Amino acid sequence: MKNGEVVKLIDVYKTYHTGDVDVHAVRGVSLEIQRGEFVALMGASGSGKSTLMNIVGCLDRPTSGRYVLDDADVSALDRDQLADIRNHKLGFVFQSFNLLPRTSARENVELPLLYGAHRLTNAQLREKADAVLASVGLAGREDHHPSQLSGGQQQRVAIARALVNDPEVVLADEPTGNLDSRTSVEIMGIFQQLNERDITIIMVTHEQDIAAYARRNVVMRDGRILKDFNVTQRFDATAELGKIAPIDSEL
Amino acid sequence: MKVGSTLNIALRALRRNKMRSVLTALGIIIGVAAVIAMVGIGNGAKAQVEAQIASLGQNVILIFSGSTTSSGIRTGWGGAGTLKIEDAEAIRREVPGVAAVSEEVVSTTQVAAGNQNWFTRIYGESADYLDIRQWPLSDGAPFTAQDVRSANKVCIIGRTTASQIYGNDDPVGQILRIKNVPFTVTGILTPKGLSTQGVDQDDVVIMPFTSAMKRVVGGTTLRNINVQIGDGRQIAAAQQQIISLLRQRHNIRAGRDDDFTVRNQQEIADAATATTAVMTVLLGSIAGVSLVVGGIGIMNIMLVSVTERTREIGTRMAVGAHGSDILMQFLIEAVTLSSVGGVIGIVFGIGASQILSSYAHWPTLISLSSIIVAFMFSAAVGIFFGFYPARKAAALDPIEALRYE
């Protein structure tokens with residue numbers, strides 16, 4: 001396992017030109033995230049956290065400033081090079097899961113492998129996908145379609161898809177936004193387990209009690225970092241689930 | 001490029017939307033089936049005409065008397081009696097490459113036997129005529145060169161004439177009275193059916209031209225001369241030699257028109273097949289329109305599909321798909337739809353033309369080339385109409401696409 005920072009933003013700006021008005025979404029953000037961190041990126045809507053997340057996720061390029069991901073400057077790469085970086089080094093988890101409909105969990109998880117540099121046989125694809133699905137607790141549901149899975153299970157499939165290429169960083173954009181509170185805690189539990197395995201996680205959320213599962217919180221406002229602190233009273237998903245479980249059983 | 005993976009991705013995407021895939025391909029299926037069936041019908045008709053032209057005989061040159069007279073009245077082919085028996089003999093003797101010659105006179109008259117009579121066409125020919133026209137007898141024997149020299153009263157008759165005069169009796173050896181002259185029937189021709197002009201070719205009596213000129217038609221001139229050339233490559237040369245030989249024999253000065261007309265079989269065939277070729281093109285292009293409409297259907301569905309699958313495209317890009325991967329995926333989807341539709345359409349088209357030929361008795365001819373062309377065209381339709389939606393999908397911004405509701 002390598003040490004040091006995996007994500008390093010140096011004085012990053014992002015300005016959108018919409019008509020006559022320039023929108024300064026991110027104004028001079030410098031941020032370092034070490035390997036094995038679990039960071040929650042917080043802020044109200046319009047604070048620039050989503051724009052920053054898009055830049056960290058190599059979906060967008062900064063207007064100015066530098067972005068060093070895994071010791072390589074990716075601020076000036078073109079569309080296709082960014083796509084390759086996303087494929088090799090990043091895993092995405094979305095608020096609305098973004099699974100392919102009418103497609104089995106296994107095939108959804110195989111998706112990043114299909115766009116990878118290595119040609120894998122169908123048997124190899126299957127083996128890798130099934131292993132990752134098992135690691136998020138979905139063994140036996142490989143052939144289920146998204147419509148046959150609960151919201152929490154769908155998000156687990158999405159997490160498995162994010163993990164299948166052994167990424168440097170897992171990026172989660174409001175991963176619990178579409179889930180009930182119990183399932184949200186379950187998903188946080190999975191993130192905490194992954195983090196125990198030294199997987200770096202960066203999560204956007206606006207919920208204080210979800211951010212409390214992370215190790216570090218970064219709060220943004222008006223395109224700048226307002227607060228950056230380590231979580232002192234961290235929630236443990238296993239413990240929290242224990243508190244919720246009795247309520248569920250009464251229903 | 002990861003062609004294998006992209007193919008895999010595209011096929012998975014099509015499988016996810018089976019109903020839509022089938023309906024989209026249906027446009028191409030119908031288009032290709034229509035093209036195959038229509039061109040099959042057209043080619044069948046053309047082949048039938050060609051077969052009938054070929055029944056005139058192989059490598060045949062026809063020389064008709066007439067064209068103009070010295071008084072300036074044009075009489076049409078076979079009109080003015082300018083061809084003499086000696087002309088035919090000269091051709092036989094002097095033109096190299098000539099395999100066979102048949103002097104021809106034609107008349108229509110009443111024929112009778114017993115209490116039956118019938119109005120039919122009388123052909124006077126040489127003994128080589130049946131060989132030239134590749135027209136075998138079904139029964140009996142042909143007349144001979146000796147019969148021609150002696151102007152014997154013998155004839156062979158077509159199936160229609162035979163059944164009109166003799167009913168079910170065997171005509172061979174029977175007497176047929178033509179202009180009250182008794183002729184002996186020596187043979188019956190195999191049936192040929194209708195000619196391209198719709199004339200019953202089996203309604204005929206064929207006899208030595210000498211007998212015909214002496215006892216039936218009268219006169220001393222021939223309507224036309226049929227010349228068969230041994231080697232097809234010598235037809236043009238032989239045609240020229242016949243023209244110069246006849247001009248010389250008829251004392252036609254340079255600059256004056258021929259008093260005869262020479263046509264070779266190919267020219268006649270070309271004229272006759274021109275109509276059916278036009279029909280084939282017409283039917284094929286009407287069917288082609290439906291193929292294009294099918295292609296537009298593919299484009300329509302692909303465009304809807306790109307919009308509907310915007311988030312899917314965004315997701316694919318987020319996990320590492322290049323624009324070119326997305327382009328290839330949608331292009332492969334379109335081409336798969338159109339070429340699978342093409343194959344099914346070819347099967348349906350062959351089936352449709354089989355049904356047409358067995359129920360409507362239309363001759364159909366499906367050539368390998370029309371199958372290949374139809375398939376290539378349907379694949380090309382997929383590429384052409386799939387490209388625009390595919391490019392639209394590939395140009396999507398991943399952030400916008402992910403956010404799309």
Side-chain angles (χ1 to χ4, degrees), chain A residues 14 16 25 50-51 53-55 57-61 78-104 106-122 125 145-147 158 161-165 167 171 173, chain B residues 1-23 301 304-333 390-405:
Chain A
K14 182 71 194 182
Y16 294 107
S50 293
T51 306
M53 197 64 166
N54 286 337
I55 291 170
C58 290
L59 290 163
D60 210 348
R61 277 173 298 203
D78 68 21
R79 244 174 99 102
D80 286 351
Q81 289 167 323
L82 287 178
D84 289 337
I85 296 283
R86 292 197 295 271
N87 185 258
H88 302 150
K89 301 193 172 174
L90 302 172
F92 289 88
V93 178
F94 302 96
Q95 177 176 359
S96 47
F97 324 136
N98 280 16
L99 300 177
L100 303 190
R102 293 181 295 278
T103 304
S104 69
R106 179 187 294 122
E107 288 192 8
N108 265 295
V109 174
E110 286 172 359
L111 196 63
L113 297 174
L114 295 177
Y115 293 110
H118 306 290
R119 287 278 284 117
L120 299 173
T121 64
N122 275 336
L125 289 173
H145 287 189
S147 58
R161 183 179 64 194
L163 293 173
V164 75
N165 252 347
L171 298 164
D173 189 358
Chain B
M1 256 288 290
K2 303 149 271 185
V3 177
S5 297
T6 313
L7 187 68
N8 196 354
I9 289 163
L11 295 183
R12 283 179 178 190
L14 285 178
R15 221 173 37 222
R16 251 164 47 204
N17 282 303
K18 285 193 193 74
M19 190 63 182
R20 184 165 69 189
S21 303
V22 169
L23 287 175
I301 292 294
V304 170
S305 173
V306 168
T307 310
E308 191 189 277
R309 289 157 68 188
T310 299
R311 276 167 68 103
E312 173 193 327
I313 295 162
T315 308
R316 290 179 184 279
M317 287 178 162
V319 302
H322 290 194
S324 58
D325 293 330
I326 302 292
L327 182 92
M328 282 305 288
Q329 177 191 339
F330 278 84
L331 214 48
I332 290 173
E333 283 184 32
R391 211 192 50 180
K392 213 177 143 179
L396 284 173
D397 175 42
I399 299 169
E400 297 289 322
L402 280 168
R403 215 178 280 151
Y404 185 85
E405 289 299 331

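Convention: sequence-line order gives letters A, B, ...; per-chain numbering from 1. It should be emphasised that the depicted structure is a prediction, and the values quoted were computed from it without experimental measurement.
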So does B/R15 pair up with A/E107, basic N to acidic O under 4.0 Å? yes
Could you check B/R12 against A/L114 for side-chain contact (heavy atoms from CB on, under 4.5 Å), going step by step and ending with a plain yes or no? CA-CA 12 Å; B/R12 283 179 178 190; A/L114 295 177; 3.8 Å; yes
B/R16 and A/T103: side-chain contact (heavy atoms from CB on, under 4.5 Å), yes or no, with the steps? CA-CA 7 Å; B/R16 251 164 47 204; A/T103 304; 2.6 Å; yes
Side chain to side chain, A/D84 and B/H322, heavy atoms closer than 4.5 Å: yes
What part of A/N122 lies closer than 4.5 angstrom to a heavy atom of chain B: side chain, backbone, both or neither? side chain
Heavy-atom proximity to chain A below 4.5 Å, by part of B/Q329: side chain
Rounded to the nearest 0.5 angstrom, the CZ-CE distance for A/F92 and B/M317 is 13.0 Å
One should read off an interatomic distance between B/I399 CD1 and A/I55 CD1, to the nearest 0.5 angstrom, of 8.5 Å
Option in B/G314, B/G323, B/A318 with maximal non-hydrogen atom pairs under 4.5 Å from chain A: B/A318
Max heavy-atom pairs within cutoff under 4.5 Å with chain B, candidates A/G91, A/P101, A/C58, goes to A/P101
Check whether any side-chain heavy atom of A/L59 lies under 4.5 Å from a side-chain heavy atom of B/L402, and answer yes or no. yes
For B/A321 and A/A83, which heavy atoms make the closest approach, and how far apart are they? O-CB, 3.8 Å
Report which part of A/P167 has an atom under 4.5 Å of a heavy atom belonging to chain B: side chain, backbone, both, or neither. neither
Checking A/S50 against chain B: side chain, backbone, both or neither under 4.5 Å from a heavy atom? neither
On a heavy-atom basis, the closest approach of A/R79 and B/A394 is NH2-O, 2.9 Å
Check each atom of A/D60 against the heavy atoms of chain B and say whether the ones under 4.5 Å are side chain, backbone, both or neither. both
Find the distance between CZ (B/R311) and CG (A/N98) and round it off to the nearest 0.5 Å. 4.5 Å
What's the spacing between A/F94 CZ and B/R403 CZ if we round to 0.5 Å? 11.5 Å
Side chains of A/R161 and B/T315: is there a donor and an acceptor less than 3.5 Å apart? no
B/R391, CZ: over 12 other non-hydrogen atoms inside 6.0 angstrom: no
